[in-house]
Colleague: 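What follows is a single structure, and I will ask about it in a moment.
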Amino acid sequence: MLKHVLSLAAWSPCPSHAQIPPASLQRFLTFNAMRIHAACRNAKTWKIRWEEEQHANGVKWQQLEHRGPYFAPPYERLPRGVSFYYNGKPMRLSPATEEIATFYAKMLDHDYTRKAIFKKNFFCDWTEQMTSEERKKIKQLDKCDFREIHDYFVERQEAQKALPKEEKQKLKKEAERIQEEYGYCTIDGHREKIGNFKTEPPGLFRGRGDHPKMGRVKKRIMPEDVIINCSKGSKIPKPPPGHKWKEVRCDNSVTWLASWTENINGAIKYIMLNPSSKLKGEKDWQKYEIARCLKGVVGKIRAQYRADWKSKEMKKRQRSVALYFIDKLALRAGNEKEEGETADTVGCCSLRVEHLRLHPRMGGKENVVEFDFLGKDCIRYYNLVPVEKQVFKNLQLFMENKGPGDDLFDRLSTSTLNKHLQDLMEGLTAKVFRTYNASITLQEQLDALTNEDDNVSAKLLSYNRANRAVAILCNHQRATPKTFEKSMQNLQAKINVKRDQLCDAKLELKKAKADSRCKRDVKSKAALEKKQKHVEKLEEQLEKLVLQATDKEENKQIALGTSKLNYLDPRISVAWCKRFCVPIEKIFNKTQREKFAWAIDMADEDFVF
DNA sequence: AGAATGACTTGCTCCAAGGGAG
DNA sequence: CTCCCTTGGAGCAAGTCATTCT
């Protein structure tokens with residue numbers, strides 16, 4: 001009860017409360033505001049509440065004050081002894097040309113510098129920045145020798161690592177100071193952490209996969225590029241001496257504090273709040289509430305798209321099959337992309353004929369669809385999926401008279417699909433299916449896999465397995481860590497040692513038993529108990545190690561982080577922890593607990609997604 | 001209608017800090 | 001205490017989707 005009273009007081013607009021509460025209290029209060037909000041759900045729908053409370057006119061905040069971005073340090077020239085060579089001869093470069101040369105030099109060991117497109121783009125952009133004399137001289141990249149510059153940076157990095165303790169302390173202190181000064185803002189009277197308060201440093205653009213723009217020069221961001229967003233009455237951040245902001249505006253319908261346009265794709269980059277902030281937390285919560293709404297209507301929606309598989313309208317048929325994929329396989333929507341501007345990747349709506357193969361019969365199954373395409377971040381999606389007869393027939397129809405490069409769903413776009421979804425349920429879009437299916441899968445898997453009588457380590461393995469099921473569904477992959485084999489061997493070695501120890505301990509226990517039986521005194525009995533305990537402890541440790549090894553092996557190429565952070569309603573995990581007496585720290589680390597503070601505060605053990 | 005723009009979420013990789021084993 | 005390995009978190013690219021422009 002007291003909690004509620006406190007929270008209301010703290011969130012009242014009274015300016016006397018506008019000082020900063022201690023972080024923990026602040027968090028507590030913040031999320032209690034949402035708990036009250038949650039309690040209102042019964043009276044009015046949550047949807048109506050949002051619109052009334054905070055989204056009226058798209059207003060996200062009343063007051064916002066911050067220090068502006070922290071800029072990347074200016075370029076420092078190379079020492080005289082470190083030189084660039086052209087055609088074997090040392091050459092002193094102009095500052096701008098030299099700076100770009102160092103970007104390339106630093107990457108010499110990387111595979112990127114072996115790719116033709118990377119080299120071509122780099123050389124093209126580099127040449128553009130050169131003085132006319134430099135341009136006349138430097139004609140070919142193969143004649144450029146960056147090795148000395150490269151070695152210089154390697155050495156410098158090593159020197160940095162080898163710095164004495166006090167020096168490192170000093171650097172750390174300085175970083176903390178910067179974080180303290182630039183890393184926080186005040187929003188509606190509350191001090192909140194900023195997510196990314198530094199501008200991106202200049203360098204060479206590295207796309208993922210076969211990106212046509214890899215190697216292009218990312219320009220240095222200057223205050224003159226930056227738009228500041230803050231509230232009218234607040235202290236406007238000062239630009240660095242001698243500089244001006246591009247613009248200072250006051251737009252409280254958006255959540256960013258500063259922005260600039262990046263020169264490679266012309267995209268806008270933003271400085272925004274940390275996930276631990278109230279603003280982000282509420283947004284996250286809303287996302288899961290929409291997904292929970294889908295739970296209520298998904299049966300109906302499924303029935304409808306199945307019916308549409310037989311529609312006379314081609315558009316509807318395509319839409320219904322696409323939606324089936326999005327629902328069943330958790331595919332992304334798949335917006336169109338500008339050709340030649342980005343790597344060639346696809347999602348559901350942008351699938352092409354070449355990305356599927358139809359197998360009427362395969363491996364004892366009928367109507368198997370073989371998917372093979374590059375998805376977001378050029379991660380391969382490969383899956384063999386038996387589908388309903390009608391879907392299979394439709395796919396054959398969609399692929400008729402088309403070349404491999406033609407769109408599978410030529411009558412469908414993400415915007416028409418999303419418009420349709422919006423009609424089925426307010427707030428419904430393609431990506432809600434991913435959130436919904438991920439969260440519901442976690443819940444089902446946890447129910448199926450958790451054994452109440454297990455110890456904590458075994459329960460954790462169950463949790464990770466449930467998490468893994470979701471990651472597999474969402475195709476969240478990772479490169480096998482470079483040290484994987486080695487650390488697996490280490491773990492195995494540890495297990496072997498533990499086994500031997502246990503064996504020895506058991507032997508000793510036997511001896512102690514015999515000894516105690518024969519002597520029947522207090523001392524030998526105590527010794528026996530001690531040995532007994534030792535064996536139990538070792539058994540427990542061994543089991544834990546074996547579980548760890550299993551978990552590690554199963555997780556070799558699967559990334560759990562993305563689903564944990566973005567797709568799984570944290571309240572499911574919180575409830576599971578409470579129900580099975582697993583400390584929340586075992587599931588969520590500090591950062592995750594901060595991000596999910598709302599859920600930790602809100603969910604009790606019988607929360608159901 | 002559909003292209004362009006803007007805002008915000010999602011996603012993977014890399015690397016240094018720090019924690020545990022020896 | 002040192003070393004080594006794991007993990008946290010920074011970094012930033014690349015998606016989604018609504019809105020605005022033409």
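Just so it is clear: chains get the letters A, B, ... in the order the sequence lines come, proteins before strands, and each one is counted from 1.
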Colleague: Given C:dC12, is OP1 or OP2 found less than 4.0 Å from the side-chain N or O atoms of A:Lys198?
Modeller: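 So the side chain of A:Lys198 is outside the cut-off, no N or O lying under 4.0 Å from OP1 or OP2 of C:dC12.
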
Colleague: Check ring pair (Phe, Tyr, Trp, His ring centres under 6.0 Å) between A:Trp256 and all other residues, then give those that pass, not counting sequence neighbours.
Modeller: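 A:Trp256: ring pair (Phe, Tyr, Trp, His ring centres under 6.0 Å) contacts with A:Tyr270.
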
Colleague: Across the strands shown, which category fits A:Glu262 at heavy-atom distances under 4.0 angstrom: base, sugar-phosphate, nothing?
Modeller: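 Result for A:Glu262 = nothing.
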
Colleague: Once salt bridge (charged side-chain N to carboxylate O under 4.0 Å, His left out) is applied, what residue pairs with a partner in residues 62-74 of chain A remain, sequence neighbours excluded?
Modeller: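 Checked against salt bridge (charged side-chain N to carboxylate O under 4.0 Å, His left out) - neighbours excluded - the pairs reaching residues 62-74 of chain A are A:Arg67-A:Glu181.
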
Colleague: Is A:Arg478 close enough to B:dG11 that one of its side-chain N or O atoms is under 4.0 Å from OP1 or OP2 there?
Modeller: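 No, no such contact exists.
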
Colleague: Side chains of A:Leu64 and A:Leu257: does their closest heavy-atom pair fall under 4.5 Å?
Modeller: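 Answer yes - side chains close enough.
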
Colleague: Report yes if a side-chain nitrogen or oxygen of A:Asn589 is closer than 4.0 Å to either non-bridging phosphate oxygen (OP1 or OP2) of C:dG8; otherwise report no.
Modeller: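 Answer is yes, contact under 4.0 Å.
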
Colleague: Looking at A:Asp406 and A:Arg352, is there a salt bridge between them, counting it only when a charged N and a carboxylate O are closer than 4.0 Å?
Modeller: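 A salt bridge is absent here (no side-chain N lies under 4.0 Å from a carboxylate O).
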
Colleague: Which whole-number value in Å describes the distance from A:Tyr381 OH to B:dC12 P?
Modeller: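 In whole Å, B:dC12 P lies 14 Å from A:Tyr381 OH.
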
Colleague: For A:Lys564, which contact category applies under a 4.0 Å heavy-atom criterion: base, sugar-phosphate, or nothing?
Modeller: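 Here A:Lys564 touches no strand at all.
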
Colleague: Measure from CG on A:Leu412 to C1' on B:dG2 and round the result to the nearest Å.
Modeller: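 Roughly 15 Å, once rounded to whole Å.
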
Colleague: Calculate the interatomic distance between A:Glu282 atom CD and B:dC8 atom C1'; express it in whole Å.
Modeller: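 One finds 16 Å between C1' of B:dC8 and CD of A:Glu282, rounded.
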
Colleague: What's A:Ser413 touching, base or sugar-phosphate or nothing? Going by heavy atoms closer than 4.0 Å.
Modeller: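 A:Ser413: no heavy atom of the nucleic acid under 4.0 Å.
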
Colleague: Does this structure show an ion pair linking A:Asp225 with A:Lys246, if we count only N-O contacts that are shorter than 4.0 Å?
Modeller: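 No salt bridge links A:Asp225 with A:Lys246.
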
Colleague: What nitrogen or oxygen pairs link the protein and nucleotides 3-7 of chain B at under 3.5 Å?
Modeller:
unit_1	atom_1	unit_2	atom_2	d
B:dA7	OP1	A:Trp256	NE1	3.4
B:dA7	OP2	A:Tyr270	OH	2.8
B:dA7	O5'	A:Tyr270	OH	3.3

Colleague: Please classify the nucleic acid contact of A:Pro275 as base, sugar-phosphate, or nothing, using heavy-atom distances under 4.0 Å.
Modeller: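 Result for A:Pro275 = nothing.
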
Colleague: Between A:Lys193 and A:Arg332, who's closer to the 5' end of DNA chain C by nearest nucleotide?
Modeller: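 Its nearest nucleotide lies further toward 5', so the answer is A:Lys193.
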
Colleague: State the OH-CG distance between A:Tyr382 and A:Asn475, to the nearest 0.5 angstrom.
Modeller: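 That separation rounds to 13.0 Å.
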
Colleague: Let me know the distance between CG of A:Leu279 and P of B:dT9, rounded to the nearest Å.
Modeller: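 For the pair A:Leu279 CG and B:dT9 P, the rounded distance is 8 Å.
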
Colleague: Given B:dC12, is OP1 or OP2 found less than 4.0 Å from the side-chain N or O atoms of A:Thr562?
Modeller: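 For B:dC12, OP1/OP2 do have a side-chain N/O of A:Thr562 under 4.0 Å.
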
Colleague: Could you check whether any side-chain heavy atom of A:Asp569 comes within less than 4.5 Å of a side-chain heavy atom of A:Leu442, counting everything from C-beta outward?
Modeller: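 Of all side-chain heavy-atom pairs linking A:Leu442 with A:Asp569, none is under 4.5 Å.
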
Colleague: Give the residues of residues 205-223 of chain A touching DNA chain B, defined as any heavy atom closer than 4.0 Å, sorted by residue number.
Modeller: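 Heavy-atom contacts with DNA chain B come from A:Arg208.
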
Colleague: Just to verify, what does A:Arg465 make a side-chain hydrogen bond (donor to acceptor under 3.5 Å, both in side chains) with, not counting sequence neighbours?
Modeller: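 Only A:Glu554 meet the side-chain hydrogen bond (donor to acceptor under 3.5 Å, both in side chains) criterion with A:Arg465.
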
Colleague: Among C:dG11, B:dC12, C:dG15, which nucleotide sits nearest the side chain of A:Lys376?
Modeller: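 Out of C:dG11, B:dC12, C:dG15, the nucleotide with an atom closest to A:Lys376's side chain is C:dG15.
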
Colleague: Of the nucleotides B:dC8, B:dG11, B:dT10, which has the atom closest to the A:Lys287 side chain?
Modeller: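 Closest nucleotide among those given: B:dT10.
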
Colleague: Using heavy atoms to find the nearest nucleotide of DNA chain C for A:Cys378 and A:Lys590 separately, return the residue whose nucleotide is more 5′.
Modeller: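 So the residue in question is A:Lys590.
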
Colleague: Can you spot which of A:Asp125, A:Asn265, A:Asn263, A:Asn121 makes a side-chain hydrogen bond (donor to acceptor under 3.5 Å, both in side chains) with A:Arg216?
Modeller: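 The side-chain hydrogen bond (donor to acceptor under 3.5 Å, both in side chains) with A:Arg216 is passed solely by A:Asp125 among A:Asp125, A:Asn265, A:Asn263, A:Asn121.
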
Colleague: The criterion is side-chain hydrogen bond (donor to acceptor under 3.5 Å, both in side chains); which residues satisfy it with A:Glu174, sequence neighbours excluded?
Modeller: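 With sequence neighbours excluded, A:Glu174 shows a side-chain hydrogen bond (donor to acceptor under 3.5 Å, both in side chains) to A:Arg177, given in chain and number order.
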
Colleague: Verify the distance criterion only: is there a donor paired with an acceptor across the side chains of A:Tyr567 and A:Arg434 at less than 3.5 Å?
Modeller: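 A pair is found: one side chain offers a donor N or O, the other an acceptor, under 3.5 Å apart.
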
Colleague: Applying side chain to side chain contact (heavy atoms under 4.5 Å, CB included), can you list everything that pairs with A:Arg499, at least two apart in sequence or on another chain?
Modeller: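 A:Ile495, A:Asn496, A:Leu542, A:Val546.
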
Colleague: Is NZ or CZ of A:Arg191 both nearer than 6.0 Å to the six-membered ring centre of A:Tyr184 and within 45° of the ring axis?
Modeller: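 Satisfied, under 6.0 Å and within 45°.
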
Colleague: Are any protein N/O atoms closer than 3.5 Å to N/O atoms in nucleotides 16-22 of chain B? If there are, list each pair with its distance.
Modeller:
unit_1	atom_1	unit_2	atom_2	d
B:dA16	OP1	A:Gln157	NE2	2.9

Colleague: Rounded to the nearest 0.5 Å, what separation is found between the CD1 atom of A:Ile271 and the OG atom of A:Ser259?
Modeller: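 Spacing of CD1 (A:Ile271) from OG (A:Ser259) equals 9.0 Å.
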
Colleague: When the distance from CG of A:Leu565 to C1' of C:dG15 is rounded to whole Å, what number comes out?
Modeller: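 Spelled out: CG on A:Leu565 to C1' on C:dG15 is 16 Å.
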
Colleague: Show me the protein contacts with nucleotides 4-6 of chain C, counting only N or O atoms at under 3.5 Å.
Modeller:
unit_1	atom_1	unit_2	atom_2	d
C:dC5	OP1	A:Lys486	NZ	3.1
C:dT6	OP1	A:Ser487	OG	3.2
C:dT6	OP1	A:Lys552	NZ	3.2

Colleague: Can you measure A:Asn274 atom CG to B:dC8 atom C1' for me and round it to whole angstrom units?
Modeller: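 Interatomic distance, CG of A:Asn274 to C1' of B:dC8: 15 Å.
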
Colleague: Is A:Arg380 near enough to B:dC12 that one of its side-chain N or O atoms lies under 4.0 angstrom from OP1 or OP2?
Modeller: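 Answer is no, no contact under 4.0 Å.
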
Colleague: Whole angstrom is fine here: how far is it from CD1 in A:Ile290 over to P in C:dT16?
Modeller: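 In whole Å, C:dT16 P and A:Ile290 CD1 are 17 Å from each other.
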
Colleague: Are A:Ser573 and A:Tyr463 close enough that a side-chain donor and a side-chain acceptor fall under 3.5 Å?
Modeller: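 Side chains of A:Ser573 and A:Tyr463: pair found under 3.5 Å.
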
Colleague: Determine all donor-acceptor pairs shorter than 3.5 Å in which one atom belongs to a side chain in residues 104-111 of chain A; sequence neighbours excluded.
Modeller:
unit_1	atom_1	unit_2	atom_2	d
A:Asp109	OD2	A:His150	NE2	3.2
A:His110	ND1	A:Tyr112	N	3.1
A:Asp111	OD1	A:Arg114	NH1	3.3

Colleague: Between B:dT10, C:dG15, B:dC8, which nucleotide gets closest to the side-chain atoms of A:Lys337?
Modeller: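 Of the candidates, C:dG15 comes closest.
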
Colleague: Between P on C:dT7 and CZ on A:Phe588, what's the gap in Å once rounded to a whole number?
Modeller: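 Rounded to the whole Å, the gap is 17 Å.
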
Colleague: Go along nucleotides 17-22 of chain C 5' to 3' and tag each nucleotide: B for a protein heavy atom under 4.0 Å from its base, S when only backbone or sugar atoms are that close, - otherwise.
Modeller: BS----

Colleague: Is A:Lys278 paired with A:Glu282 through a side-chain N to carboxylate O contact shorter than 4.0 Å?
Modeller: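 Counted as a salt bridge, because a side-chain N and a carboxylate O are separated by less than 4.0 Å.
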
Colleague: Quick one: side chain to side chain contact (heavy atoms under 4.5 Å, CB included) partners of A:Val432, sequence neighbours excluded?
Modeller: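 A:Val432 satisfies side chain to side chain contact (heavy atoms under 4.5 Å, CB included) with A:Ile290, A:Ala291, A:Leu294, A:Leu428, A:Thr429 only.
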
